[in-house]
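Please read these numbers as outputs of a predicted model, since none were measured by experiment. Throughout, protein chains are lettered first and strands after them, A, B, ... in sequence-line order, and every chain is numbered starting at 1.
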Amino acid sequence: MSEQVVTRFAPSPTGYLHVGGARTALFNWLLARRAGGVFILRIEDTDQKRNTPTAMQQVMDDLRWLGIEWDEGPEVGGPSGPYLQSQRRDIYDRYVRKLLDEQKTYYCFDTPEQLDALRRRAEAEKKGFAYPRPEQFPDESDAAKARAEGRSVTVRFAVPRSEPLVVRDVVRGVITFAPGEIGDFIIQKSDGFPTYNFACVVDDFLMRITHVIRGQEHLMNTPGQQALWRALFADAPPPKYAHMSVTVSDTGGKLSKRERPKAMRNAIKAMQDISAEALAGIGNISAEEFADFISGKTTPDMVSIDAMAEFLGVQLPEINIVDFFKSGYLPEAVVNFLALLGWNPGDDREIMTVEQLLESFDLSRLTKSNSLFDRKKLLAFNTEHIRMASPEKLIQHFKDYLKLIGSPVLAADDELLSRLIKICEGARTLADIERKSRFLFLKRDEIEYDDKAVEKVLLKNDGLAVLVEVREKFAVTDDFTHGRIETILRSLAEEKQVGLGKVAQPLRVAICGSTISAPIFDSVEMLGKEKTLARIDWTVEFVKGKAQI
RNA sequence: GGCCCCAUCGUCUAGGCAGGUCCAGGACACCGGGUUUUCAACCCGGCAACAGGGGUUCGAAUCCCCUUGGGGCUACCA
């Protein structure tokens, strides 16, 4: 029997791909690639209410950005399609029918209120809730009658109670659930759609999945799913299950999409004198919605949150994969970091390429305990991956990044881009490189002068006077090259018996508006004589005007 | 409340299954110093952990039990 490994990533399309999902996808992909197997992307869109139309595309884009390609799934097809569960309803219906005929499942007609009451009673009695299975299962005529009366009809799986349910987990070993502990769960909803627990089992079988790597939040689903598997596919061996540790946030609890709205809310609360009305306008939500958001009652969608954050200049914690892209991270760094969240190669290696991860990945080295998402470590990884990346790759990533954020640096040709990248050696993110370079591509009136920089560097310590001297020296040289510029600045500093910083900083602020830029000699050379002189003139004028006020 | 999982530096972890080689190793963070035209990067040094309590054993971070703490699930969500 061929032992081909088949894994899958099965997201529900409710929004962007977030770090937790990306890690799950990565581990499954790594295992499949490592084993020369098949990696499937399956979209679990069985909840009509939660699906968002653009989510599937977003998830696919994000996976591809990370370099995770699927062998079967949307857009690429495959022998077990369709890969959207919403398009497989007839398949699920057949299996529900089979189970119904075999008396392994039964119809239910409860209202939400009735179920609620049942749960409350269990809680009051300090017992776990398990649906009370009827002595006699309702038959087809009962179901037909209920439907005719407009009552909701669901189908529940009668979970075997003769013996404990035993789950063998790759990470956690043998886990035993007492008989009756896992209650009869719904496999078909009243709208006719299958539930996750059912569709998942059917599809894992039909798509011949051999390994399921997923988050620990699914551990409690496993005994039920395995029981279902035995009821449906007794002859086929179930997939091996590996439940990974959960990634927790530094603010406590499972890392989730709520992180960003939460941070936004806190930021708004911490701010003085901001107009609720204006902000609501920015976020394109009503005043009521805004008030509800601040009070914690509701959460606007991500577009609103992002718009408000951008308007207020608030840096929200990255949580979706696309957030990291926007912040200037390299996919290689994100992949590397994600891989080490709950897994390690068993030696001291940390910075690893995808190829190295592929060589080393092994299910037996998944860790059991939860891990905290440490952004600072990711930053360190990113710094290292920028350093390691080949010039070709880095320039491509940089261009993708510039395009994404709509940077003026996009105007640069490849030669200039590679020079910018080179002189910004040591950058932590692509955003650093962009920030240090963009002044070259701005018109004079687009440059924003940082008040503090002007104050500290130009108004104090004769900064302005030094700047004027620099201008005079620059004006009389025709050789406006890196070497010449360096000579001019260094000799001026020497002449004045001051450090180079005293000369370079005023010039830096003059040409880019801030104390942070690419190295000064390169910056001046790239900007060119004409623009440099013009910016100095403009700055001198601007600062003089400011000093008078 | 019920069920389940987990527990080594601030954080991610190695070591644990096959107890002595671990007065616990690495990385990030942090602190101090160096380098320096800014921000970074870089170099050197330092701080820092086996949750607590019982066992088992000649010997326990490693095995067992309890306590405590953290997390997950408890939906006609996935």
Measure from the side chain of [X], starting at C-beta and using heavy atoms only, and say which of [options] lies closest.
X: A:Q505; options: B:U37, B:C4, B:G72; result: B:U37
X: A:M220; options: B:C12, B:G72, B:C76; result: B:G72
X: A:T383; options: B:A41, B:G72, B:C6; result: B:A41
X: A:L372; options: B:U11, B:A78, B:C4; result: B:U11

Does a side-chain N or O from [X] land closer than 4.0 Å to OP1 or OP2 of [N], or not?
X: A:K49; N: B:C77; value: yes
X: A:K126; N: B:U74; value: no
X: A:R387; N: B:C42; value: yes
X: A:R42; N: B:A78; value: no
X: A:R119; N: B:A75; value: yes
X: A:S245; N: B:G71; value: no

Ignoring hydrogens and angles, are the base of [N] and the side chain of [X] linked by a donor-acceptor pair under 3.5 Å?
X: A:D374; N: B:A29; value: no
X: A:T195; N: B:C76; value: no
X: A:K377; N: B:A27; value: yes
X: A:E217; N: B:G71; value: no
X: A:R508; N: B:U37; value: yes
X: A:S190; N: B:C76; value: yes
X: A:E350; N: B:G26; value: yes

Looking only at atom [atom1], what distance separates [N] and [M], rounded to whole Å?
N: B:C64; M: B:C5; atom1: P; answer: 13 Å
N: B:G15; M: B:C76; atom1: P; answer: 42 Å
N: B:C66; M: B:U62; atom1: P; answer: 16 Å
N: B:U11; M: B:A49; atom1: P; answer: 12 Å
N: B:G52; M: B:A61; atom1: P; answer: 11 Å
N: B:C9; M: B:C23; atom1: C1'; answer: 15 Å
N: B:G71; M: B:G32; atom1: C1'; answer: 37 Å
N: B:C22; M: B:G16; atom1: C1'; answer: 12 Å

Rounded distance [0.5 Å steps], CZ in A:R508 versus OG in A:S514: 8.0 Å
G-U wobble or Watson-Crick pairing nucleotide for [N] (cut-off 3.5 Å, both distances):
N: B:C50; value: none
N: B:U37; value: none
N: B:U62; value: none
N: B:G32; value: B:C44

Nearest-nucleotide comparison on RNA chain B, the residue closer to the 5′ end among A:V171 and A:F373: A:V171
Residue whose nearest RNA chain B nucleotide is more 5′ - A:V174 or A:A380: A:V174
Rounded off to whole Å, could you give me the [atom1]-to-[atom2] distance for the [X] and [N] pair?
X: A:D522; N: B:U38; atom1: CG; atom2: C1'; answer: 13 Å
X: A:N344; N: B:G26; atom1: CG; atom2: P; answer: 16 Å
X: A:Y196; N: B:U74; atom1: OH; atom2: P; answer: 11 Å

Test of ring centre spacing under 6.0 Å for A:F361 and A:F27: yes
Validation row, ring centre A:H397 to ring centre A:Y329 under 6.0 Å: no
A:E525/A:R484 salt bridge by N-O under 4.0 Å criterion: no
Nearest non-hydrogen partners of A:D62 and A:L17, listed with the distance: OD2-N, 3.4 Å
Note, A:Y83 side chain near A:R88 side chain (heavy atom, < 4.5 Å): no
Greater than 12 external heavy atoms within 6.0 Å of A:E425's CD: no
